[in-house]
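For reference, the structure is listed below as structure tokens.
Source: prediction; values computed, not measured.
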Amino acid sequence: DLPWHEGAIAALESMLDDEERKQRVVEVLRPLYQRGDDWKGLVKLNEERLQLADLPDEKVEVLMNSALLYEEQGGDMEKAFGTVREAFALVPDNEGTREQLERLAEALEAWPRLAESYRNAAEATADEFIKRRLYDHLATVCDERLDDPRAALKALRKLVEIEPGDVEALERMDMMCMLLADWDTLVEVLERKADNETADDERAEVLLRLGELKHDMLQDSDGAVQVYERALELAPESLMTLDRLIELYVDRDAERLAQLIEQRIEYTDAFEAADERHELILRGAKVYEEKLERPEEAIRMLRLATDSRPEDLAVLRSLERLFTGQEAYDDLLDNLRRQADLVEETEARHALRNKIGDLYISQFDNAFDALEQYRTVIGEDPDNAPAIAAARKIGEKYDELRLEVSALLEPVLQEAGRHQELVEIMELRFSAQTDPIERARTLNGIALIQEEQLDEPGKAAATLLRALPETPEERQLHDDINRLC
């Protein structure tokens with residue numbers, strides 16, 4: 001039987017200073033204090049037990065018992081909280097201790113001290129697993145209880161330094177960086193997230209976001225280009241990445257810009273995004289022509305545009321300019337014909353047909369087809385000066401076509417009252433005629449115009465004298481000559 005009277009208990013307490021007998025005395029006193037409901041005595045006795053305990057877990061058990069006594073018997077939650085903090089510092093991976101610590105912190109709203117306990121324990125332990133868990137708890141307290149996202153971010157950074165592949169921690173850091181506008185840290189976070197992704201498309205998505213961050217928030221265009229290029233290697237079909245790179249390369253590397261535009265065209269649906277694809281083709285052609293000075297590549301791109309939109313006059317005009325510069329006359333001829341067939345404005349159509357005629361003459365020495373073009377223009381516009389002048393030149397240069405030219409131009413000049421020019425064209429007709437009667441008739445016509453329209457009787461008489469050898473027997477010719485002379 002245990003002694004129960006006060007004198008015996010006092011005698012036992014006096015023996016606590018005896019190191020040799022302390023263990024036994026504690027074992028005897030403990031049930032006595034419990035029987036007497038002496039919680040303060042038990043707390044004091046736990047101080048002795050704490051000194052006697054060798055293992056951390058044993059010390060934790062003692063401290064947690066004292067904390068329970070402070071809370072339940074003494075109603076002192078502050079003392080209980082402080083004691084549990086002490087126990088937690090000894091063995092921070094004891095989940096039961098940690099739960100009690102959080103429970104008391106919530107009751108006391110002692111979140112700063114709880115955060116301090118997590119921080120101190122994390123810095124003190126060498127165990128990486130425990131350290132990671134502690135920093136995780138610290139981040140949660142700082143974020144959710146202290147409303148201190150910057151401190152939470154700092155804790156998470158520590159966690160990720162230990163375990164770079166912690167996906168959940170990186171996601172939390174991501175959100176906090178956005179909240180704090182901490183773009184430099186977010187760059188690090190996204191780099192880690194990209195490294196952790198195993199699928200190319202998912203990694204490319206993270207890199208795309210990283211590129212946008214560098215460009216939009218940090219004004220780091222060079223860095224953005226590097227990141228976007230990495231993303232494009234992983235997902236070459238990404239239209240968004242291609243668009244970002246295209247805009248960044250506009251004033252950088254024209255060669256790379258052209259490659260990116262071609263790649264963008266390749267992955268742009270020809271049916272669902274026809275307009276967009278067409279504009280990209282035109283943009284690529286412009287880069288080749290103006291920035292790279294490679295007209296042959298510009299022509300290739302514009303041909304691609306005409307494959308899908310053969311009636312796009314703007315594209316055809318661009319090709320016309322390039323064909324002319326490259327002296328690609330066969331292509332130029334086809335191009336002008338197509339334009340002439342498509343254009344609706346009369347004046348523009350006539351200009352194109354005149355160009356076709358000029359090209360036939362200058363590059364193909366084909367006066368016959370050239371004359372057909374001018375004939376078409378004059379048929380629709382009898383006053384078209386370029387066509388009239390060009391047709392006249394054909395008559396002057398090509399003997400075999402003089403009759404056709406005169407037949408084309410004489411009615412036009414007659415109607416326009418351009419009598420001097422009419423005389424000159426009739427002279428062309430005369431030079432091509434072989435039949436004396438026809439030649440005489442032509443000269444008679446010329447003389448009539450000279451006399452009546454041009455008021456040049458002397459020239460009219462001279463013209464009739466030229467007709468005399470052709471039809472010397474014609475009496476009227478003699479009469480007219482005599483009259484004029």
For [X], all residues meeting salt bridge (charged side-chain N to carboxylate O under 4.0 Å, His left out), sequence neighbours excluded:
X: D334; result: R337
X: D275; result: R309
X: E279; result: none

Kindly say whether [Y] contributes a backbone atom to a donor-acceptor pair with the side chain of [X] at under 3.5 angstrom?
X: R439; Y: F430; answer: yes
X: K131; Y: A122; answer: yes
X: N444; Y: A440; answer: yes

Give the table of side-chain donor-acceptor pairs shorter than 3.5 Å for residues 99-106, with sequence neighbours excluded, one pair per line with atom names and distance.
{"unit_1": "Q100", "atom_1": "OE1", "unit_2": "R103", "atom_2": "NE", "d": "3.0"}
{"unit_1": "Q100", "atom_1": "OE1", "unit_2": "R103", "atom_2": "NH2", "d": "2.7"}
{"unit_1": "E102", "atom_1": "OE2", "unit_2": "R98", "atom_2": "NH1", "d": "3.0"}
{"unit_1": "E102", "atom_1": "OE2", "unit_2": "Y118", "atom_2": "OH", "d": "2.5"}
{"unit_1": "R103", "atom_1": "NH1", "unit_2": "E71", "atom_2": "OE2", "d": "2.9"}
{"unit_1": "R103", "atom_1": "NH2", "unit_2": "E71", "atom_2": "OE1", "d": "2.8"}
{"unit_1": "R103", "atom_1": "NH2", "unit_2": "E71", "atom_2": "OE2", "d": "3.4"}

Under the rule for side-chain hydrogen bond (donor to acceptor under 3.5 Å, both in side chains), what residues qualify as partners of [X], not counting sequence neighbours?
X: E188; result: R157
X: D399; result: R402
X: D369; result: N366
X: R441; result: E438

Look up atom CG in D174 and atom CG in L153, then write down how far apart they are to the nearest 0.5 Å.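 Between atom CG of D174 and atom CG of L153 there are 10.5 Å.
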Would you be so kind as to tabulate the donor-acceptor pairs closer than 3.5 Å made by side chains of residues 264-271, with sequence neighbours excluded?
{"unit_1": "R264", "atom_1": "NE", "unit_2": "D243", "atom_2": "OD1", "d": "2.7"}
{"unit_1": "R264", "atom_1": "NH1", "unit_2": "T268", "atom_2": "OG1", "d": "2.6"}
{"unit_1": "R264", "atom_1": "NH2", "unit_2": "D243", "atom_2": "OD1", "d": "3.4"}
{"unit_1": "R264", "atom_1": "NH2", "unit_2": "D243", "atom_2": "OD2", "d": "3.2"}
{"unit_1": "R264", "atom_1": "NH2", "unit_2": "E276", "atom_2": "OE2", "d": "2.4"}
{"unit_1": "T268", "atom_1": "OG1", "unit_2": "R264", "atom_2": "O", "d": "2.5"}
{"unit_1": "D269", "atom_1": "OD1", "unit_2": "F271", "atom_2": "N", "d": "2.7"}
{"unit_1": "D269", "atom_1": "OD1", "unit_2": "E272", "atom_2": "N", "d": "2.7"}

Hey, could you give me each pair passing salt bridge (charged side-chain N to carboxylate O under 4.0 Å, His left out) that has a residue in residues 383-394? Not counting sequence neighbours.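 Listed by first then second residue: R392-E396, R392-E424.
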Could you list the donor-acceptor pairs under 3.5 angstrom formed by side chains in residues 230-240, with sequence neighbours left out?
{"unit_1": "S238", "atom_1": "OG", "unit_2": "T241", "atom_2": "N", "d": "3.2"}
{"unit_1": "S238", "atom_1": "OG", "unit_2": "T241", "atom_2": "OG1", "d": "2.8"}

State plainly whether the residues E311 and R338 are in salt-bridge range, i.e. N to O under 4.0 Å. no
Quick one: side chains of residues 165-173, donor-acceptor pairs under 3.5 Å with protein atoms, not counting sequence neighbours, listed by atom name and distance.
{"unit_1": "D166", "atom_1": "OD1", "unit_2": "E168", "atom_2": "N", "d": "3.3"}
{"unit_1": "D166", "atom_1": "OD1", "unit_2": "A169", "atom_2": "N", "d": "3.0"}
{"unit_1": "E171", "atom_1": "OE2", "unit_2": "K193", "atom_2": "NZ", "d": "3.0"}
{"unit_1": "R172", "atom_1": "NH1", "unit_2": "D136", "atom_2": "OD1", "d": "2.6"}
{"unit_1": "R172", "atom_1": "NH2", "unit_2": "T140", "atom_2": "OG1", "d": "3.1"}

